[in-house]
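What follows is a set of notes on a single structure, which appears directly below.
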Amino acid sequence: MTYDFRKIEEKWQKYWAENQTFNAENDSQKEKFYVLDMFPYPSGAGLHVGHPLGYIASDIYARYKRHKGFNVLHPMGYDSFGLPAEQYAIQTGQHPAITTEANIKRYREQLDKIGFSFDWSREVRTSDPGYYKWTQWIFIQLFNSWYNKDADRAEDITSLISLFENEGNGTVNAVCDEEVELFTADEWKAFSPKKQQQLLLQYRLTYLAETEVNWCPALGTVLANDEIVNGVSERGGHPVVRKKMTQWSMRISAYSQRLLDDLSMVDWPQPLKDSQTNWIGRSEGASVTFYTSSLNGTGEAFPIEVFTTRPDTIFGVSFMVLAPEHELVSKITTPEQKAEVEAYIEATAKRSERDRLADVKTITGAFTGAHAIHPFSKEPIPIWIGDYVLAGYGTGAVMSVPCGDQRDYDFAKHFNIPIPNIFEGVDISEEAFADKEKTVITNSDFLNGLPYKKAVKRVIFELEKLGQGKGKINYRLRDAVFSRQRYWGEPFPVYYVDGMPQMIAAEHLPIVLPEVEKYLPTETGEPPLGNATVWAWDVQKAEVVPNSAIDNKNVFPLELNTMPGWAGSSYYFNRYMDPKNTEEVFSQEAINYWQDVDLYIGGSEHATGHLLYSRFWQKFLFDKGLVPKPEFAKKLINQGMITGTSAFVYRIEGENTLVSKNLIGDKSVQPLHVDVALVNPSDELDLDGFKENPLYADFKDAQFILEDGGYVVGREVEKMSKSKYNVVSPDSICEEYGADSLRLYEMFLGPLEQSKPWNTAGISGVHSFLKKMWRLYHNGPDGVFAVSGTVPTADNLKTLHKTIKKVAEDIENFSFNTSVATFMICVNELAAQKCNSREVLEPLAILVSPYAPHIAEELWAKLGHRTSISTAPFPKFEAKYLIESSKEYPISFNGKMRFKMELPVDITKEEIEAAVMAHAKTQEQLQGRTPKKVIVVPGKIVNIVG
RNA sequence: GCUCGAGUGGUGGAAUUGGUAGACACGUUGGACUUAAAAUCCAAUGGCCAUUAUGGCCGUGCGGGUUCAAGUCCCGCCUCGAGUACCA
């Protein structure tokens, strides 16, 4: 009987679906194990072989854990809100929900063919109202919360209100907007309700504020910092400009320190932790307030707050620099300097973000004419503006210490500003000196002779005494803009009364995305939801009603923005625990049983987006007592990218002639991508297919210069992408070799975390392994299924048990590539031993089952089992079968292995040495010399020196 | 620039705490079976030199070092990849 993988795989995929084999139980007595994949955005292009890599790895792990007796949660769903479906809708008028549905259907077909053990009964889709009801609900919880720094956790907004009522906000230690006015309890009570709402908004964990945002005109929306790469949009590469807009923001900065600290709790890849650490960007230093001199300018003394990591160098300050956008600039600039400053501001405003990034070498700036007073020396310090100071970081102003900071140094040199030296024994004639460890301060009054750390302490003490500064920790992490001017996203559960946002009560959720005629912004520049005609909130009826009913008494306008892509993905891992719950986001029973994700597999590109936002929401839900763990995923693995192997044909420059790769010689040729589907494993082009393909119509009549009757293409490893015609789909591999072969081969390619090239040719190795394994169970006449009850030999058991040991270790270490090699060795050995004993072949089927589940189920059934192999106990490793009576020792001379020698394992070092020295080959190697030393490592090696 | 990761045959890769470098595959070559092909099986396959079997020398990006012994540890470089970028 031949290995008919098509029939077998179809049969078992149907069986698993019908029997719901992989549905997880929420009320199990078994120990839980939660294996999660990052859910995909269902794009129109479908899956290529690179996508399932992580899914296969997690599936192997999930199946392994089932064999180990765990109740495994292994769900899958779709991050189904997003730009491509909307762009498609703009172009074609097709509703994004329809496109999305079709794409999901295709994804599901492709996924099903690979034989994953997903619990599909728990599928979630972020664009499903039943799901985004809870996204909206969490948004409301954030709105109704503030961050209490004293308790270091989020609290209900009502506790803040009662603080205001009792003490005003003077004593409140909260994370809030930069500038909040101070008020007493009595003042608070006297404020109008609107004023109170405005003030509360400055404390809420999600808040509406006019912020500088990254506006992308081409996409017609704002972007978060992590959605911008090199100054252009991540999607599409469009320019991004700074713009002030009223937007919802998330006060993620409240969690900066905890997001940093709790990285030590999770087993995540170090590079990922590093990039989160960098992104959060904690720096310790001091905030110092300088006052402008009232002797010049308007005569008013304005405070300028700066942040510095080197307060110890305060006596080295010889100028200050403000960002061109800094609000003080217009107030302090002297009449004489006004023209120059304004010209500079105009010039920098014109430069795009990209230009600024591309050109960091050029030093520019302008003098304001104003001076600040040094807090200690009382000397006047000139105030400049320059675009090397960023408005968005710190306070947008710096105290410049040219002797201790290279940028300040370069700026000072360029504008001929003095560079006072405050470091003992350091030459600063060529460059600044920034080494904290070697710092000894001089020329600095009370700091003279102090090293860095002591000087910092002292100066902060003195600043506090003056009331002009204090120690401060600064974070680079900004609050996250949460509004998008898009259609295909979660609507906010928000309506506006007198311009103030109001939350819709939770019992009326979800607020369902309205229908619109057009998916573009309105003519007045409002977001696409501005096109909706039924998009107003009736507070009496508690429902969405036509806009015509808006009277601002009972019927109010609804929010027109939608939520960003990361909203729905920031808690989906918790929702999977109880996905059908209509009363709660998840029940406490479910979350207390499943707790958190034990293993999360996905791409490293989500390091500072999804993975940071998810940790933020998790901590918020933790503070609210809704989840038991402050971190949602214990272990995380980044799977590497599978690159494509592009194929090229070569056209001779200026001719319609294509020349085979090895005949190019010194001809001048132009390489052209050719679809890899037209190339066979020997790199030969399918000439007929090529000529018939409409893509290559230009070459229909081309001349071909062939070698040995064929056309050999060139190959190069590139990113797998449609535009490079190097995409290989899993469907075609499943069709030709089967899902089990695909699964094995994806693992066999190399370590999970590494990026590696796909080459379909290599799949024949794992495919013939499966055939070989099949034959092991079918060695009767004409290949009929035949397994004997004979007692296995010592060799059989040795092969089996070393395989059990290695495979179990490999899975625990996520070294899936080496276990495939181990299976091959095992089957090769058993075949050589002509083993067909049930006692060996039955456990072997279980070992292979996580990797190649279809063939394993089929063999398991043939072995007489009536239930799925998926919960069969993993074979137990018995060390006794591996015990050897002798060991083949490598005998080395001066570290080089010369020959091997079989010796019993239970003899002493001395006996080994004696046996080795007595060997004829030893004497031959020594050629009469007496060894200086003989190293014997029992069980390992013998090395003879001399 | 900074941070992190990686360099091993023609190719993908293996090598547990320093202990037989190149497992397992792909590819290539030769052979068996076959009228033929496919499929399958067997053998060889890091480089160089030598040969009658036996052998010898070199070899894990480069240069040093530690060690009886280094792909693995230490120091200094080179190359590639990823992230980040005037962060005060």
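Hydrogens, waters and symmetry mates play no part in the numbers below; they use all other heavy atoms, side chains included. First the proteins, then the strands, lettered A, B, ... as listed; each starts at 1.
- The existence of a salt bridge linking A:Lys900 and A:Glu902 is excluded, since no basic side-chain nitrogen approaches an acidic carboxylate oxygen closer than 4.0 Å.
- Using cut-offs of 30° and 60° on the angle between ring planes, the pair A:Phe5 and A:Tyr3 is tilted.
- Contact annotation for A:Asn474: no contact, since no heavy-atom pair falls under 4.0 Å across all strands.
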Under a 4.0 Å heavy-atom criterion, the protein footprint on nucleotides 38-50 of chain B, written with B, S and -, is -SSS---------
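- In summary, A:Glu913 and A:Lys909 do not engage in a salt bridge, as defined by a charged side-chain N under 4.0 Å from a carboxylate O.
- Comparing the C1' positions of B:U79 and B:U8 gives an interatomic distance of 15 Å, to the nearest angstrom.
- Taking a cutoff of 4.0 Å between a charged side-chain nitrogen and a carboxylate oxygen, A:Glu430 and A:Lys413 do not qualify as a salt bridge.
- Syn is the glycosidic conformation of B:G9, whose angle stays within 90° of 0.
- Between A:Arg282 and B:C87, a side-chain N or O to OP1/OP2 separation shorter than 4.0 Å is absent.
- Legend: side chain to side chain donor-acceptor pair (under 3.5 Å) pairs involving residues 931-946 of chain A, not counting sequence neighbours: none detected.
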The contact string for nucleotides 53-60 of chain B, one letter per nucleotide 5' to 3', using protein heavy atoms under 4.0 Å with B, S and - for base, sugar-phosphate only and none, comes out as --SSSS--
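- For the P atoms, the distance linking B:A70 with B:C78 amounts to 26 Å, nearest Å.
- Not a single donor-acceptor pair, N or O on each side, falls under 3.5 Å between the base of B:U3 and the side chain of A:Lys273.
- Nucleic acid contact for A:Ser764: sugar-phosphate only, since backbone atoms but no base atoms lie under 4.0 Å from a heavy atom of the residue.
- More than 12 heavy atoms of other residues, nucleotides or ligands shown are found within 6.0 angstrom of NZ on A:Lys802.
- The ring of A:Tyr388 has its center closer than 6.0 angstrom to the ring center of A:Phe411.
- Rounded to whole Å, the distance from CD on A:Glu812 to C1' on B:U16 is 15 Å.
- Outside the 6.0 Å centre-distance limit, the rings of A:His767 and A:Tyr745 are not counted as a close aromatic pair.
- The same atom, C1', is picked in B:G7 and in B:G22; the two are 16 Å apart, to the nearest Å.
- Residue-level contact check: A:Gln754 touches the backbone only, with heavy atoms under 4.0 Å from sugar-phosphate atoms and none from bases.
- The minimum heavy-atom distance between A:Met399 and A:Val306, with the atom names listed, is N-CG1, 3.8 Å.
- In this structure, CD of A:Gln406 is placed 12 Å from P of B:C87, rounded to the nearest angstrom.
- Counting only Watson-Crick and G-U wobble pairs whose two key distances fall under 3.5 Å, RNA chain B forms stems of three or more stacked pairs at B:1-7 with B:78-84, B:10-12 with B:24-26, B:27-32 with B:40-45, B:46-49 with B:55-58, B:61-65 with B:73-77.
- Picking from B:C87, B:U3, B:A25 the nucleotide with the shortest atom distance to the side chain of A:Asp274 gives B:U3.
- Distances shorter than 4.0 Å separate some side-chain N or O of A:Ser283 from OP1 or OP2 on B:A88.
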Could you go through nucleotides 65-73 of chain B and list every protein N or O atom that sits under 3.5 Å from one of its N or O atoms, giving the distance for each pair?
| unit_1 | atom_1 | unit_2 | atom_2 | d |
| --- | --- | --- | --- | --- |
| B:C68 | O2' | A:Asn943 | ND2 | 3.0 |
| B:C68 | O2 | A:Asn943 | ND2 | 2.7 |

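- Atom CG in A:Asp410 sits roughly 10 Å away from atom C1' in B:C86 (whole-Å rounding).
- Taking the side-chain hydrogen bond (donor to acceptor under 3.5 Å, both in side chains) definition, one finds that A:Lys806 meets it with A:Asp810, sequence neighbours left out.
- Within 4.0 Å (heavy atoms only), A:Asn759 reaches no atom of the nucleic acid at all.
- An OP1 or OP2 oxygen of B:C87 is reached within less than 4.0 angstrom by a side-chain nitrogen or oxygen of A:Arg407.
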